[in-house]
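Computed from heavy atoms alone, side chains included, the values below leave out hydrogens, waters and symmetry copies. Since the structure is predicted, the reported quantities are computational estimates derived from the model, not experimental observations. Numbers restart at 1 for each chain; the letters A, B, ... are given by sequence-line order, proteins then strands.
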2 protein chains.
Amino acid sequence: MSAMKKQMQQLKALADETRLRLLALLLSAGELCVCDLTATLQLPQSTVSRHLAYLKGAGWVIDRRVGVWIYYSISTDNALQHDIAEVLRARLPEIPAIADDIRRLASFSEGASCA
Amino acid sequence: MSAMKKQMQQLKALADETRLRLLALLLSAGELCVCDLTATLQLPQSTVSRHLAYLKGAGWVIDRRVGVWIYYSISTDNALQHDIAEVLRARLPEIPAIADDIRRLASFSEGASCA
DNA sequence: ACATTATATCCGGATATCCGAATATGTCAA
DNA sequence: TTGACATATTCGGATATCCGGATATAATGT
């Protein structure tokens, strides 16, 4: 794939509110399983999985299976993506809706949300 | 408009190749009129104008009329947008297709492309 | 006033994207 | 092997986005 096509795919991944919220949670928390993300965003599981697959295809996340759970974390393919990730890590929490998500995630953090 | 909606609008603006090429040219050259952009990208004028209007609505550019010409330049509403603009300014020229655009613009720069 | 040039907007059709219930896959424990 | 749980994928329908020719608007020079 051309560099342009690849970078466009990465930018398109940011053009959806659900995916941005997922990235914000992963940037803030490091590594999370699908059930944590689903519980925090309060969205159908298929919706969360579909968007995570999209982010993975665009190189924004990697996944790691641990038994039944699959943990997602941030990944960056190239310089542009890496730099944008740092900007998002610093700035997304300034958006109230994102800050709410991060707080909601923290409130689950003691007991795993998918018991 | 909520902060989230506004930021989504700004990120959606980056999710189109034509708009990204326009931003790259403006980040590189400072201020350009529609005819310079149209000549450089070799796209229909209506397409260029439509995307510029989109970028203006999202707060990425401002315009300034000088006689018959309308000059566009980069603008940033908030911290996220400002930081992303700096990343784009530094990294977009690393994409070959973008570098080609910037070179093509430079080749026009002596005589105005819209005589 | 009129022609010319630069730019913006309209609009219908093509394409892409998003949603989420249903279903499939994979893992573990009994 | 069967059941239960976590996650992925499928698919049809709704919605959004993009394109560009045609047309409108705006400024200038004659």
Find the distance B:L55:CG to C:dA8:C1' and express it as a whole number of Å.
15 Å
Rounded distance in Å - CD (A:Q9) to C1' (C:dT17)
14 Å
If I take atom CZ in residue A:R64 and atom C1' in nucleotide D:dA8, what distance separates them, rounded to the nearest angstrom?
19 Å
Starting at OH of A:Y54 and ending at P of C:dA16, how long is that distance when rounded to a whole Å?
12 Å
Which part of the nucleic acid, if any, lies within contact of A:Y72, taking any heavy atom under 4.0 Å across all strands shown: a base, the sugar-phosphate backbone alone, or nothing?
sugar-phosphate
Nearest 0.5 Å please: distance from the CD atom of A:E17 over to the CG atom of A:L22.
11.0 Å
Protein-nucleotide distance (A:L52, atom CG; D:dA6, atom C1'), rounded to Å
13 Å
Measure the distance from CD on A:Q42 to C1' on C:dG20 and round it to the nearest whole Å.
17 Å
In this structure, how many angstroms lie between the P atom of C:dG26 and the OH atom of A:Y71, rounded?
20 Å
Among C:dT9, D:dC18, D:dT9, the one nearest A:S49 by side-chain distance:
D:dT9
Could you give the CD1-to-P distance, from B:I70 to C:dT5, as a whole number of Å?
18 Å
Quick check: are there more than 12 heavy atoms from other residues, nucleotides or ligands sitting under 6.0 Å from NZ of A:K6?
yes
Are B:V61 and B:I102 in one and the same hydrophobic cluster, where Ile, Leu, Val, Met, Phe, Trp and Tyr link if side-chain heavy atoms are under 4.5 Å apart?
yes
Check whether the side chains of B:Q10 and B:N78 place a donor and an acceptor atom closer than 3.5 Å, and report yes or no.
yes
Contact list (N/O, under 3.5 angstrom) for nucleotides 19-26 of chain D vs protein:
unit_1, atom_1, unit_2, atom_2, d
D:dC19, OP2, B:R50, NH1, 3.4
D:dC19, OP2, B:H51, NE2, 2.6
D:dG20, OP2, B:T47, OG1, 3.3
D:dG20, N7, B:R50, NH2, 3.1
D:dG21, N7, B:S46, OG, 3.4
D:dG21, O6, B:S46, OG, 3.2

Do the side chains of A:L88 and A:L14 get nearer than 4.5 Å, heavy atoms only?
yes
Heavy-atom side-chain contact between B:L20 and A:M8 under 4.5 Å:
yes
